[in-house]
Asker: 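Below you'll find the structure I mean.
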Amino acid sequence: MRKVRGGGEAGTLTNTTYSSRYFTDEVPEHAIPAGSMPARAAYQLIHDELNLDGNPALNLASFVTTWMEPEAQQLATETLNRNFVDQDEYPQTEEIHHRVVSMMGRLFNAPTDGEPVGTATIGSSEAIMLGLLAHRWSWRKRRGDDSAKPNVVFGADVHTCWEKFARYFDVEQRVIPLTPDRHIVGPEEIKDHIDENTIAVGAILGTTFTGQVDEIAAIDELLRQVKQEKGWDIPIHVDGASGGFIAPFSYPELEWDFRLEQVRSINVSNHKFGLVYPGMGTVVFRDFDVVPEELVFKINYLGGEMANYSLNFSRASNAVLLQYYNFLRLGREGYERIVGNLMANAGELERTLTASGRFELLNDARYLPVVVVRPAGKEGLDVFELSERLRERGWIVPAYTLPPNAESVAVLRMVVKENFSRDMAEMLSEDVERALAKMDGKPSPQAQAAGAKQRRIC
Ligand SMILES: *Cc1c(COP(=O)(O)O)cnc(C)c1O
């Protein structure tokens, strides 16, 4: 038998993960440690530290997928070591990428007489940058005036990545403010902001703030009219980050996509309601000539000649493969069923929350399974405190104020995802009641019920 050293990791008897010295030493935080440590200890240290994170299953703040089937997990793990950009080395991955983009194009009703193109991206942010960059270049070519300054027009209901594009790529942003009563934009607001230097109008299919939808078909009509009258051919880029996988299944008749003439590009976050883990998005262009050839890089140093239109070079390929997995696994039928469940559970959550009389709906969750409520009537309910109280139970439900000029409206938002069951909707509603009772300084309904039961027993 070997000697056991106190607290050391070499002894046989105390050679468990937690008995090793790494669990009494400080964890390296600033500089790479000089020495190494056993794999088991490194794993356990990081694993344990992450217990301080929120629980993804209770994260109603994010639109991004937090659950996939074990087979998807297995596929993702198996393909972790494939760099997506190595198309020559992994031709079948590239073939699957083409299939995914092609399916997305058809989902968005790309015209059959054109040649739609697209690419997988890290998410909608990259997809929006690529879409708007293409429009900026096309505008410059059309305009033929190097001194003209480009602008992009959208409502204040956009995601920050639109403002990022404007700032990073030096395009004037013309942001249409919201009002306390209207949280989307339509042709009435757009028409005074566009001119011959407008590279594109942004329209949102499901805003981040309220889940509502900009008046896309009416904006298209306005821009067609402007094209006829003034000769300005202003494209629409539709931000379908969250709605792009909902509308085709819940409202197939809603016209928001390539069925509208001025819609030249669409982005979607596959890692939202495409139901795959992050990071996966797609940008699809109506026709290949929407993307100026100068932006497509032909590279030959990976073997073969490949066309590349992206901001990143290397990236993981597994999220692309996961999207293909979901297309095969679920089919349209599966997506329809899941989207139906999401909408039904969002509706149930709305009903229970509003039945308490403490909240009113900011939107009805008609287009997205997103429940957005504000305090009812003149009630001075503090949604920020309620959000904190819910966090004590593990629920992550953000509270925030709307963008300008609707900052006076403070809301709570709950994104209903695939793993949010009816049961969880009920538990959340009960926890909201309990939290409200605490905030009111009253015993919770649950405590009152328990008290009543106790009295009966006595
Ligand atoms: C989430 C979201 C984005 C950003 O998408 P990422 O995939 O996270 O980059 C952009 N626009 C809208 C409307 C969104 O909901």
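These numbers come from the heavy atoms of this one structure, side chains and all, not from hydrogens, waters or symmetry mates. Counting starts at 1 for both ligands and their atoms, in listed order.
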Asker: Any atoms of ligand 1 less than 4.0 Å from a non-hydrogen atom of S269? List them with their elements.
Answerer: 5 (O), 6 (P), 7 (O)
Asker: Could you tell me whether R337 and E333 have a side-chain N and a carboxylate O separated by less than 4.0 Å?
Answerer: yes
Asker: Within a distance under 4.0 Å of any heavy atom of H271, pick out the atoms of ligand 1 and give their elements.
Answerer: 6 (P), 7 (O), 8 (O)
Asker: Do other residues, nucleotides or ligands put more than 12 heavy atoms under 6.0 Å from the CZ atom of R167?
Answerer: no
Asker: Can you tell me if R142 has over 12 outside heavy atoms packed within less than 6.0 Å of its CZ?
Answerer: yes
Asker: Considering heavy atoms of the protein only, find what lies nearest to atom 9 (O) of ligand 1 and give residue, atom and distance to 0.1 Å.
Answerer: S125 OG, 2.6 Å
Asker: Ignoring hydrogens and angles, state whether a donor on the side chain of E94 or H97 is under 3.5 Å from an acceptor on the partner side chain.
Answerer: yes
Asker: Which of the numbered atoms in ligand 1 are under 4.0 angstrom from any heavy atom belonging to T208?
Answerer: 12 (C), 13 (C), 14 (C), 15 (O)
Asker: Show the atoms of ligand 1 that are less than 4.0 angstrom away from any heavy atom in G206.
Answerer: 13 (C)
Asker: Y251 vs Y367 aromatic rings, parallel, tilted or perpendicular, using cut-offs 30° and 60°?
Answerer: tilted
Asker: Do NZ/NE/NH1/NH2 and the carboxylate oxygens of E215 and R182 come within less than 4.0 Å?
Answerer: yes
Asker: Less than 4.0 Å is my threshold; does some heavy atom of G281 fall inside it relative to ligand 1?
Answerer: no
Asker: Looking only at protein heavy atoms, which one is nearest to atom 6 (P) of ligand 1, and how far off is it?
Answerer: S124 N, 3.4 Å
Asker: Considering non-hydrogen atoms only, spot the tightest contact between D195 and I234 and give its length.
Answerer: O-CD1, 3.8 Å
Asker: Against heavy atoms of K272, which atoms of ligand 1 measure under 4.0 Å?
Answerer: 1 (C), 2 (C), 3 (C), 5 (O), 14 (C), 15 (O)
Asker: If the cut-off is 4.0 Å to any non-hydrogen atom of A241, which atoms of ligand 1 fall inside it?
Answerer: 2 (C), 3 (C), 10 (C), 11 (N), 12 (C), 13 (C), 14 (C), 15 (O)
Asker: Can you tell me which residue and heavy atom of the protein come closest to atom 13 (C) of ligand 1, and the distance to 0.1 Å?
Answerer: D239 OD2, 3.3 Å
Asker: Identify, by atom number and element, the atoms of ligand 1 in contact range of G123, meaning under 4.0 Å from any of its heavy atoms.
Answerer: 7 (O), 9 (O)
Asker: Do E71 and Y325 make a side-chain contact, defined as non-hydrogen atoms from C-beta onward lying under 4.5 Å apart?
Answerer: yes
Asker: For ligand 1, which atoms have a heavy atom of C161 less than 4.0 angstrom away?
Answerer: 10 (C)
